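One structure below.
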Amino acid sequence: MLSRTTSRLLAIGVPLVAAIVYVLPVCAEDAGTKPEGVVELYTSQGCGSCPPADAVLKELATEGKVVALAFHVDYWDYRGWTDNLALPENTERQNEYRKALSLNGVYTPQVIINGREHVNGQDETKIRRRIADMRDTPSGLTVPVSIEKAAKNRLLIDIGSGPVTTNPVRVVLAYFNRESIVSIPGGENVGRMVSYANSVRAMETIGMWDGNAQKIEIPISELASKKASGCAVLLQEMLGDGKPGPIIGASIMAAK
């Protein structure tokens with residue numbers, strides 16, 4: 001899929017009906033190990049180049065070694081199919097990365113690794129290599145973070161201490177649906193039934209991190225209220241004008 005600049009990120013589409021199945025939460029458990037990195041895939045049901053990248057992300061999510069999140073964007077909706085997992089906020093986040101990384105445009109399928117660099121989402125070999133290159137370096141996840149079910153109705157986020165960064169650091173929570181099975185009757189992927197992993201349904205900033213260890217609790221009911229079956233916490237530096245920067249800590253939790 002060809003790249004597009006900010007001024008061309010206008011999509012006009014008519015919502016159609018799709019067969020979509022959401023896996024809702026039944027329980028929640030900590031992933032249990034420190035992730036090797038964070039992989040954000042910017043994808044679209046209307047992008048004919050995206051299914052191979054969607055499959056790569058699903059494989060990474062299933063392996064459980066990284067925080068793998070799919071951000072469905074809406075700027076290809078005019079091509080004959082409106083992505084029913086797309087959010088304008090996801091498109092906005094991708095475009096803010098464009099500014100932060102000084103790119104000429106955005107595209108799908110695009111992967112952002114640790115908030116630091118972009119890779120074509122179909123290039124599984126390069127994605128894995130860059131995750132390995134960054135792991136256990138200053139470009140990796142240097143601050144310990146965990147998220148777990150602390151009680152029947154609460155989730156506990158535990159963030160360790162670390163060196164204070166030059167930029168402010170937000171504690172960001174991304175709510176996702178572990179699996180969304182979509183039948184696509186129109187557009188470039190007409191006739192396909194695709195299983196999408198970890199599609200982000202909402203994001204919110206729940207605090208700031210100043211280098212000191214801290215704990216944050218949230219009601220577990222937030223998952224159901226956002227029609228999500230899991231959530232990920234990202235410790236992310238914020239650059240000027242609120243642009244997303246390096247991710248220095250992360251953890252993920254999903255329904256079993």
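None of the values given here were measured: they were computed from a predicted structure. All values below come from the heavy atoms of this structure, side chains included, with hydrogens, waters and symmetry mates left out.
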Q. Can you list every pair that meets ring pair (Phe, Tyr, Trp, His ring centres under 6.0 Å) and has a residue in residues 127-162, with sequence neighbours left out?
A. none

**Q.** Thr205: side chain to side chain donor-acceptor pair (under 3.5 Å) partners, not counting sequence neighbours
**A.** none

**Q.** Val190: hydrophobic cluster co-members (side-chain, 4.5 Å)
**A.** none

Q: Any side-chain hydrogen bond (donor to acceptor under 3.5 Å, both in side chains) involving residues 232-242? Give me the pairs, sequence neighbours left out, ordered by first then second residue.
A: Arg93-Gln236, Tyr97-Gln236, Asn167-Glu237

(Q) Clusters formed by hydrophobic residues whose side-chain heavy atoms approach within less than 4.5 Å: which one holds Met238, and what are its other members? (A) none

(Q) Quick test of your reading: applying ring pair (Phe, Tyr, Trp, His ring centres under 6.0 Å), list the pairs with at least one residue in residues 200-230, sequence neighbours left out, ordered by first then second residue. (A) none

Q | Pairing residues for Asp54 by the side chain to side chain donor-acceptor pair (under 3.5 Å) criterion, not counting sequence neighbours | A | Thr43

Q: State plainly whether the residues Glu36 and Lys65 are in salt-bridge range, i.e. N to O under 4.0 Å.
A: no

**Q.** Pairs involving residues 159-191, ordered by first then second residue, that meet ring pair (Phe, Tyr, Trp, His ring centres under 6.0 Å) (sequence neighbours left out)
**A.** none

Q) Apart from Leu239 itself, what residues make up its hydrophobic cluster when side-chain heavy atoms of I, L, V, M, F, W and Y under 4.5 Å apart count as a link, directly or indirectly? A) none

Q) Which other residues belong to the hydrophobic cluster containing Met208, where Ile, Leu, Val, Met, Phe, Trp and Tyr are joined when side-chain heavy atoms lie under 4.5 Å apart, directly or via other members? A) none

Q: Scan for side-chain hydrogen bond (donor to acceptor under 3.5 Å, both in side chains) pairs involving residues 211-220, sequence neighbours excluded, and state none if there are none.
A: Arg154-Glu217, Asp158-Lys215, Asp210-Asn212

Q) Who pairs with Glu124 by side chain to side chain contact (heavy atoms under 4.5 Å, CB included), at least two apart in sequence or on another chain? A) Val56, Glu59, Arg128

